[in-house]
**Q** 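Before I ask anything, let me first share the structure, which is written out below as C-alpha cells.
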Amino acid sequence: MEVLLGGITSILYGVADFLGGEAARKVNAATVVVWSGVFSFPVLLVVVAFTGGDATGADYLIGFAAGVSGAIGLVMLFTGLARGRAATVAPIAAALGAVVPVVVAVLAGDRPSLLAWAGVGIAIPAIALSAWTDEGEGKTRSGLAFGAIAGLGFGGFAAIIGFTGDDSGILPLLTARGGLLVALVVLAGFGVWKLQGFSKTPRGIILGNSVMDISANITLIYALRAGSFALAAVAASFYPAATVILAKLVNGESLRARQILGIVMTLVALGLIAAN
C-alpha cells in the first residue's frame, strides 16, 4: 500500500510542479509559492474537518519543522534555477530528496528486501536523469551546492513529517504549511525574495498548484505510515518524471534521451519496489 500511495504522491507532486512552473512564467517563483500556500489552507481545513485526528504538541512542532525544511529546499532550488544552473541543481535536488528519507528510515530500523533495494538503487539515478535539463552554464560547484541544500530541504520534509504520530492524521500539515509560509515571508522581509501582489498572480494556475501540492502532502503522510518508510519515500520521489511528461504533452517540450531513459528506469524501479 505504501508504494501505491507513494506513486500517487509522485503524480500529484509532478502535476503541482508543472503548474508551479507555468505560473512562474507570469510572476516570480516566490510569489507562486507564497500564494499557493495561502490557497492551500482552506483546502487543508476542509480535509481536516472530515478526517479529524488527535495531534500532540510534539506532532505540531514536527510539522512546523518539516515546513521550514521544505521552505529551505524551495529557496535554494529557485535561487539556483534563477542563476541559470538548472542542469546541475535540479537533478541533484531531486536525487538527494529521495536519498535523505531513505537514510533516515534505515537508521530508524527500516529493512527493505534485497529486491526493493535493487529498485531503490535504480530509482536514484532515474530521478536525477528525469530532472536533468540542458539549461545553465554556471559554475558546476556552485550549482552542486544549491542542489545539495535544496535536496536536503526536500528530503528533510519527508523524513521529518514521517515522525508524526499515526493518530495525528493530517493535522501536522497545518503547522507544516504555516512553517513554510513563515520562513518564506521572513526571507522576503530580508530581501532574499520579492513578493508580488495578489492582483498580478495567475490565480487559476496557482490554485491548481496549491490543490495538487497539499493533496500530495496528504498522500505522502499516509504513504509513510502505511508500511516501509524508505520505500514510501522513494516511491513518492518520482515526480520529475511526471513533470517532464506533462511538459511534453501540454507544451510540446522535447525530451532528452537521458530523460526518456530516466522515465523508463523509473518504471522499472517502481516495479521492483512494488514487488517487495
Side-chain angles (χ1 to χ4, degrees), residues 2-24 70 73-74 77-78 80-81 86-102 112 115-136 147 150-151 153-155 157-158 208-209 211-220 223-224 228 230-276:
E2 73 269 27
V3 177
L4 174 61
L5 289 172
I8 293 172
T9 300
S10 280
I11 294 173
L12 292 171
Y13 274 140
V15 175
D17 285 354
F18 173 75
L19 292 174
E22 293 295 294
L74 289 171
L77 177 67
F78 287 140
L81 295 179
T88 306
V89 175
I92 293 297
L96 261 182
V99 169
V100 170
V102 171
L115 188 63
W117 273 122
V120 172
I122 295 173
I124 305 306
I127 293 166
L129 287 170
S130 298
W132 192 358
T133 72
D134 284 334
E135 299 176 16
F154 295 143
F157 176 85
N209 168 266
V211 171
M212 291 297 104
D213 183 64
I214 200 62
S215 298
N217 286 345
I218 292 170
T219 55
L220 174 63
L224 294 172
S228 169
L231 300 187
V234 173
S237 299
F238 290 123
Y239 55 87
T243 302
V244 298
I245 290 173
L246 271 175
K248 170 66 175 177
L249 295 176
V250 178
N251 294 333
E253 295 182 13
S254 59
L255 295 180
R256 301 290 182 261
R258 58 177 171 259
Q259 290 179 306
I260 295 174
L261 175 61
I263 292 170
V264 173
M265 290 172 64
T266 292
L267 296 175
V268 173
L270 195 55
L272 289 172
I273 292 172
N276 179 52

**Q** Is Leu12 close to Tyr239 at the side-chain level, that is, under 4.5 Å between some pair of heavy atoms?
**A** no

**Q** Check whether any side-chain heavy atom of Asn217 sits under 4.5 Å from a side-chain heavy atom of Tyr13, and report yes or no.
**A** yes

**Q** Identify which one of Ile273, Val99, Ile122 satisfies the side-chain contact (heavy atoms from CB on, under 4.5 Å) criterion when paired with Val234.
**A** Ile273

**Q** Rounded to the nearest 0.5 Å, how far does CG of Leu267 lie from CG of Leu272?
**A**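 So the CG of Leu272 and the CG of Leu267 are separated by 11.0 Å.
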
**Q** Mind listing the closest non-hydrogen atom pair of Leu224 and Ala233 along with its distance?
**A**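 What the structure gives for the nearest pair is CD2-N, 4.1 Å.
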
**Q** Using atom types as modelled and distance alone, determine if a side-chain donor or acceptor of Thr9 lies under 3.5 Å from a backbone N or O of Ala236.
**A** no

**Q** Over all heavy atoms of both residues, which pair between Ala98 and Ile127 is shortest? Give the atoms and the distance, please.
**A**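 Taking every non-hydrogen atom into account, CB-CD1, 3.7 Å.
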
**Q** Anything under 3.5 Å between a donor and an acceptor, one on a side chain of residues 259-266, the other on a protein residue two or more places apart or in another chain? List them.
**A**
unit_1: Gln259; atom_1: OE1; unit_2: Arg256; atom_2: N; d: 3.0
unit_1: Gln259; atom_1: NE2; unit_2: Ser130; atom_2: O; d: 3.3
unit_1: Thr266; atom_1: OG1; unit_2: Gly262; atom_2: O; d: 2.8

**Q** Determine the minimum heavy-atom distance between Ile92 and Gly147, stating which atoms define it.
**A** CG2-C, 3.5 Å

**Q** Mind listing the closest non-hydrogen atom pair of Ser237 and Ser10 along with its distance?
**A**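 Closest approach of Ser237 to Ser10, heavy atoms only: N-OG, 3.4 Å.
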
**Q** Rounded to the nearest 0.5 Å, what separation is found between the CD1 atom of Ile214 and the OG1 atom of Thr219?
**A** 10.0 Å

**Q** Which heavy atom in Ala269 sits nearest to a heavy atom in Phe238, and how many Å separate them?
**A** CB-CZ, 4.0 Å

**Q** Report the C-alpha separation of Asn209 and Glu22 in whole Å, then their side-chain angles, then the decisive distance to 0.1 Å, and conclude whether the side-chain hydrogen bond (donor to acceptor under 3.5 Å, both in side chains) test is met.
**A** CA-CA 10 Å; Asn209 168 266; Glu22 293 295 294; over 6 Å; no

**Q** Hey, are the side chains of Val15 and Phe18 touching, using non-hydrogen atoms and a 4.5 Å cut-off?
**A**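 When only atoms from C-beta onward are counted, Phe18 and Val15 do not touch, as no gap falls below 4.5 Å.
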
**Q** State, with a plain yes or no, whether a side-chain heavy atom of Asp17 is found less than 4.5 Å away from one of Asp213.
**A**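 Counting from C-beta outward, Asp17 and Asp213 never come under 4.5 Å.
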
**Q** Go through the steps for Val120 and Leu231 under the test side-chain contact (heavy atoms from CB on, under 4.5 Å), then give the verdict.
**A** CA-CA 8 Å; Val120 172; Leu231 300 187; 4.1 Å; yes

**Q** What's the shortest heavy-atom distance between Ala223 and Ala232, and which atoms?
**A** O-CB, 3.3 Å

**Q** If you measure from CD1 on Ile11 to OG on Ser215, what distance do you get to the nearest 0.5 Å?
**A**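 Going from CD1 on Ile11 over to OG on Ser215, the span is 12.5 Å.
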
**Q** Does any part of the side chain of Val102, heavy atoms only, come nearer than 4.5 Å to the side chain of Trp117, both counted from C-beta?
**A**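 Touching, per the 4.5 Å side-chain cut-off.
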
